[in-house]
Number of protein chains: 2
Amino acid sequence: MKNIDKLRRAGLRPTKQRLIIADILLDGPNRHFTAEDLQDEICASGNYMSIGTVYNCLKRFKNSGLIKQVEYSKDTAIFDTNTTFHHHFLNEETGELIDIENDKVILGKLPEIPSGFLNSGVDIIIKLKKHT
Amino acid sequence: MKNIDKLRRAGLRPTKQRLIIADILLDGPNRHFTAEDLQDEICASGNYMSIGTVYNCLKRFKNSGLIKQVEYSKDTAIFDTNTTFHHHFLNEETGELIDIENDKVILGKLPEIPSGFLNSGVDIIIKLKKHT
DNA sequence: ATTTTACTTTAAAATGATTCTAAACTACTT
DNA sequence: AAGTAGTTTAGAATCATTTTAAAGTAAAAT
Ligand SMILES: [Mn+2]
Ligand SMILES: [Mn+2]
Ligand SMILES: [Zn+2]
Ligand SMILES: [Zn+2]
């Protein structure tokens, strides 16, 4: 599908800026990236975009389900083009994230959910360090 | 054990400020808290401490193993007096964390660890929403 | 006990990611 | 073509956290 249609289906007005971002994010392999990473790629593609617009677009893309945000980073927001339900390896030395598809993990035993609540999602992070 | 000895054992010089914090954190039940939460409790106990010192002490307490930091919060750092290896429920509406002791979870299947690395810890977060 | 040394606390300034503001611009509707 | 609502932008503002450098304090050396 063309990116302009992905935007329209997501309920986003297809502006020049959103198309530039869609062309970078929505084709090609999945990736994890920061707002600044994306701005650098925009520059590298010969375009310009204010950092405010980069943040605005990322928020809109996320709220409409075109991307996700990784909930495991303190200093800088990390976004994810993989919108499936999945988990992550975290290289503790470099901060690099690697996807773990959901069917690679099975939880054999879960704690009892506090009463009045229901499980709305499980996030698993496996931290990695270099083998000595 | 007295808190002054806990500090000494941890290799921390027992200053007036560190003892005030130790008295708040290291006795009583476990808790999750921010730097500002702690500063408020220090005030409530009739003492004063600059926010810079609160952050400094928390970093020292953490590096010497007296507390931990929860690696799952974007805006504000959350610290944890529970230093055992454990997991968390996250109430998505309130941000409240609840401990899950490690023996309440069993991972039945794990993905293959990328070669050259070893598993240095698994963090599991079970997100909760109110039952309808 | 006094001096010396290294470590700690503090207020205030600096930092850095993110959000907000308000004016200029643009996509979509009429 | 004109009108309306949504978008982009530079720059200011925000907020958690860190840094700075001067003053204070605990431990070590005399
Ligand atoms: Mn850059
Ligand atoms: Mn407060
Ligand atoms: Zn991912
Ligand atoms: Zn905990």
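Note that the coordinates shown come from a computational prediction; the quantities given were computed from them, not determined experimentally. Below, all heavy atoms of this structure are taken into account, side chains as well, without hydrogens, waters or symmetry copies. In the text below, chain A, chain B and the rest are named by the order of the sequence lines, each starting its count at 1.
- Of the two residues near DNA chain C, B:I51 and A:D75, the one whose nearest nucleotide lies more 5' is B:I51.
- Between B:Q39 atom CD and D:dC15 atom C1' there is a gap of 14 Å when expressed in whole angstrom units.
- Looking at heavy-atom distances under 4.0 Å, A:T53 makes contact with a base.
- Closest to the side chain of B:T15, from the set C:dA11, D:dT9, C:dT8, is C:dT8.
- Looking at which nucleotide of DNA chain D each of A:G52 and B:G52 is closest to, the 5′-most match is held by A:G52.
- In this structure, CG of B:N56 is placed 18 Å from P of D:dA16, rounded to the nearest angstrom.
- For A:R13, the listed nucleotide lying nearest its side chain is C:dT26; candidates were C:dT26, C:dT9, C:dA17.
- Rounded to an integer number of Å, the gap from A:Y55 OH to D:dC15 C1' is 14 Å.
- Here the P atom of nucleotide D:dA26 and the NZ atom of B:K16 are 10 Å apart, to the nearest Å.
- Closest approach to the A:P14 side chain among D:dT17, C:dT10, C:dC28 is made by C:dC28 (side chain taken as heavy atoms from C-beta onward).
- B:N102 and B:H86 are not linked by any side-chain donor-acceptor pair at a separation below 3.5 angstrom, with hydrogens and angles left out of the test.
- Using a 4.0 Å cut-off, some side-chain N or O of A:R60 falls inside it from OP1 or OP2 of D:dT7.
- Look at A:Q17 and you'll find a side-chain N or O under 4.0 angstrom from OP1 or OP2 of D:dT9.
- Atom pair A:I21:CD1 and D:dT7:P shows a separation of 13 Å (rounding to whole Å applied).
- Between B:K74 and C:dT18 there is a side-chain polar atom (N or O) within less than 4.0 angstrom of OP1 or OP2.
- Checked against B:H32 for a side chain to side chain contact (heavy atoms under 4.5 Å, CB included), the options B:T81, B:I98, B:D80 give a single hit: B:D80.
- No side-chain donor from either of B:T53 and B:N56 sits under 3.5 Å from a side-chain acceptor of the other.
- As rounded to whole Å, 16 Å separates atom C1' of C:dT26 from atom CG of A:L12.
- Atom CG in A:D37 sits roughly 11 Å away from atom P in C:dT18 (whole-Å rounding).
- Annotation: A:F89 is not in aromatic contact with A:H87 [ring centroid separation under 6.0 Å not met].
- Contact between the side-chain N/O atoms of B:Y48 and the OP1/OP2 oxygens of C:dA11 is found at a separation under 4.0 Å.
- Nearest to the side-chain atoms of A:K59 among the listed nucleotides D:dT9, C:dT19, C:dA11 stands C:dT19.
- Using a 4.0 Å cut-off, some side-chain N or O of A:R8 falls inside it from OP1 or OP2 of C:dC28.
- Looking at B:Q17 and B:N47, their side chains never bring a donor and an acceptor atom within 3.5 Å of each other.
- We find that CG of A:L38 is positioned 12 Å from P of C:dT18, with the value rounded to whole Å.
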